[in-house]
Amino acid sequence: MGFDKTALVTGGAGFIGSNLCRRLVGEGKRVVCLDNMISGREENIADLVAYPNFSFLKADVADASAFNSIEKVGHIYNLACPASPPFYQADPIATMKTSVFGAINVLELARRTNARVLLTSTSEIYGDPLEHPQRENYRGNVNPIGVRACYDEGKRAAETLFFDYHRMYGVEIRVVRVFNTYGPGMRVDDGRVMTNFISQALAGENVTIYGDGTQTRSFCFVEDMLDALVSMMECEGFTGPVNLGNPEELTMLELAEKVIALTGSSSKVVFCDLPSDDPARRKPDISLAKEMLGWQPHVSVDEGIMKTAEFLRR
Ligand code: UDP
């Protein structure tokens, strides 16, 4: 692989980012990992820094000057943004800046270096969806002034910027909408449902269901997600947007019971307040990903939970 195929991974010390860096480094690619460590962690990339084809740049994707030192890059994976509700809501203005300024900065870099650039957008752009399952042509039901808007609207604006740079300057873009993803590399204190439930079950603590537990999500194991991200980056002539996720839908009550059973835990479920604007249902229609990328997830939720529990136990 030539120098011009260097991959830049923004958010490369985060959960999906660090797993992606590991995959790309293993394939012999040169990888530059950029992260400001707001939600990324040094432990996630500790094993990677020893590789000569890996380098780490501590910088903020929203800061244009962070990219001045980058002269050549082939692929830009733009993952940088806190993605767990408690994390992205902690400083909502920073979250919006990360999505919007971050998008502009990676798009300008792509324009300058002729790189291909992939945006990890999100199922959150569908808001609390009125169509089920969600297909890419559904335009969503987002509350623009709610507590989730900093993330949802930030990612929607990022998608807009990607398509405008594509139309105005011919930048080669790839836009994917990532649905709930989990696996090794998540923070124990991440606050999302998978890490909460598994760590509570392992500790024998109460498993905290928000609301009545009838809301649904569909969970994709991280290794499946990496296959999709790499396929999307490498495919020709397809910008997306494309949904990436596992269509197996579960209520949070079903998930809690599954996690308790699989970990052999004695934990009980408790019901807590439902956060505002919490989407009632979410499940991707992945027909487009199947057709265009030949991709579909292979890891079952049971297997993924066991692997994640093994990681969190450590
Ligand atoms: N949730 C829950 N208990 C928890 C954490 C989350 O019941 O300890 C619920 C949350 O209200 C939501 C779903 O699980 O309905 C998924 O939440 P998460 O924060 O993982 O991601 P989201 O899909 O909402 O962005």
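Values reported hereafter were calculated over all heavy atoms of this structure, with side chains retained and with hydrogens, waters and symmetry mates removed.
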* Residues in side chain to side chain contact (heavy atoms under 4.5 Å, CB included) with S99, at least two apart? -> C81, K155

* Determine the interplanar angle of the Y182 and F221 rings, folded into 0 to 90°, and report it as parallel if under 30°, tilted if 30 to 60°, perpendicular if over 60°. => perpendicular

* Asked: Given side chains that start at C-beta, do those of V117 and Y165 come closer than 4.5 Å, heavy atoms only?
  -> no

* Asked: Short question: side chain of D277, backbone of R148 - any donor-acceptor pair under 3.5 Å?
  -> no

* To do: Evaluate side chain to side chain contact (heavy atoms under 4.5 Å, CB included) for N246 paired with Q296, printing each intermediate quantity in order.
  => CA-CA 8 Å; N246 189 328; Q296 61 179 28; over 6 Å; no

* Are L20 and L57 linked, directly or through other ILVMFWY residues, by side chains that come within less than 4.5 angstrom of each other? -> no

* May I ask whether L109 and V171 are part of the same hydrophobic cluster, defined by side-chain heavy atoms of I, L, V, M, F, W, Y residues being less than 4.5 angstrom apart, directly or through others? => yes

* Look at atom OH of Y138 and say whether more than 12 heavy atoms of other residues, nucleotides or ligands are closer to it than 6.0 Å. => yes

* Structure fact -> To the nearest 0.5 Å, atom CG of D190 lies from atom OG of S199 at 9.5 Å

* Please report the closest heavy-atom contact between E131 and Q134, naming both atoms and the distance. => O-NE2, 2.9 Å

* If you look at every heavy atom in C150 and T95, which pair is closest and at what distance? -> O-CG2, 3.9 Å

* Short question: side chain of N180, backbone of R217 - any donor-acceptor pair under 3.5 Å? -> no

* **Residue among P133, C220, S218, P247 satisfying side-chain contact (heavy atoms from CB on, under 4.5 Å) with I286** => P247

* Please answer whether the main-chain N or O of P284 pairs with a side-chain N or O of N243 as donor and acceptor at a distance below 3.5 Å. => no

* Asked: Is it true that a side-chain atom of T216 and a backbone atom of T251 form a donor plus acceptor pair closer than 3.5 Å?
  -> no

* What residues form a side chain to side chain donor-acceptor pair (under 3.5 Å) with E71, not counting sequence neighbours? -> none

* Above 12 or not: heavy atoms from other molecules or residues under 6.0 Å from CZ of F163? -> yes

* Asked: Taking side chain as C-beta onward, heavy atoms only, is Y88 less than 4.5 Å from T98?
  -> no

* Asked: Is the side chain of N19 donor-acceptor paired with the backbone N or O of P184 at a distance under 3.5 Å, no angle test?
  -> yes

* Structure fact -> Heavy-atom closest pair (V147 atom, Q89 atom, distance to 0.1 Å) is O-CG, 3.3 Å

* **Any donor-acceptor pair under 3.5 Å from T120 side chain to N78 backbone** => yes

* Asked: Do D35 side-chain atoms and K58 backbone N/O form a donor-acceptor pair below 3.5 Å?
  -> no

* **Validation row: M232, L118 side chains within 4.5 angstrom (heavy atoms)** => yes

* Do M233 and F162 belong together in a cluster built from hydrophobic side chains that touch within less than 4.5 Å? -> no

* Asked: Is the backbone N or O of S267 less than 3.5 Å from a side-chain atom of E205, with the two atoms forming a donor-acceptor pair by type?
  -> no

* Asked: Just wondering, do T10 and Y77 contact through their side chains at under 4.5 Å, heavy atoms?
  -> no

* Identify whether the distance between the nearest side-chain nitrogen and carboxylate oxygen of K307 and E223 falls below 4.0 Å. => no

* Carboxylate-amine/guanidinium contact D302 K258, below 4.0 Å -> yes

* Asked: At their closest point, which heavy atom of A13 faces which heavy atom of N44, and how far apart are they?
  -> O-ND2, 2.9 Å

* To do: Return yes if some donor-acceptor pair links the side-chain N/O of S300 with the main-chain N/O of E303 below 3.5 Å, else return no.
  => yes

* **Basic-acidic side-chain contact under 4.0 Å: R177, E159** => yes

* Structure fact -> So OG1 of T239 and CZ of R167: to nearest 0.5 Å the spacing works out to 9.5 Å

* Residues R282 and E124 bridged, charged N to O under 4.0 Å -> yes

* Salt-bridge test for K97 and D60: reply yes if a basic N is under 4.0 Å from a carboxylate O, no otherwise. => no

* Any L244 side-chain heavy atom under 4.5 Å of F179 side chain -> no

* Salt bridge between E108 and R111, side-chain N to carboxylate O under 4.0 Å? -> yes

* To do: Return yes if some donor-acceptor pair links the side-chain N/O of D285 with the main-chain N/O of S287 below 3.5 Å, else return no.
  => yes

* Asked: Within a strict 4.5 Å, meaning less than it, do heavy atoms of the N36 and V61 side chains meet?
  -> no

* Find out if a path of hydrophobic residues (ILVMFWY) with successive side-chain heavy-atom gaps under 4.5 Å connects L79 to V32. => no

* Structure fact -> For T263 and A309 the tightest heavy-atom approach is CG2-CB, 4.2 Å

* Count the heavy atoms belonging to other residues, nucleotides or ligands that lie under 6.0 Å from CZ of R135, then report whether that count exceeds 12. => no

* Looking at side-chain heavy atoms only, is the closest gap between V193 and M252 below 4.5 Å? -> yes

* Should we say atom CG of N137 is surrounded by more than 12 heavy atoms from elsewhere, each under 6.0 Å from it? -> yes

* Would F56 end up clustered with F15 when hydrophobic side chains under 4.5 Å apart are linked, directly or stepwise? -> yes

* I209 side chain near L253 side chain, heavy-atom distance below 4.5 Å -> yes

* Going through the distances and angles, do K29 and T6 end up as a side chain to side chain contact (heavy atoms under 4.5 Å, CB included)? -> CA-CA 6 Å; K29 300 199 170 74; T6 295; over 6 Å; no

* **More than 12 heavy atoms from other groups under 6.0 Å of CD on E42** => no

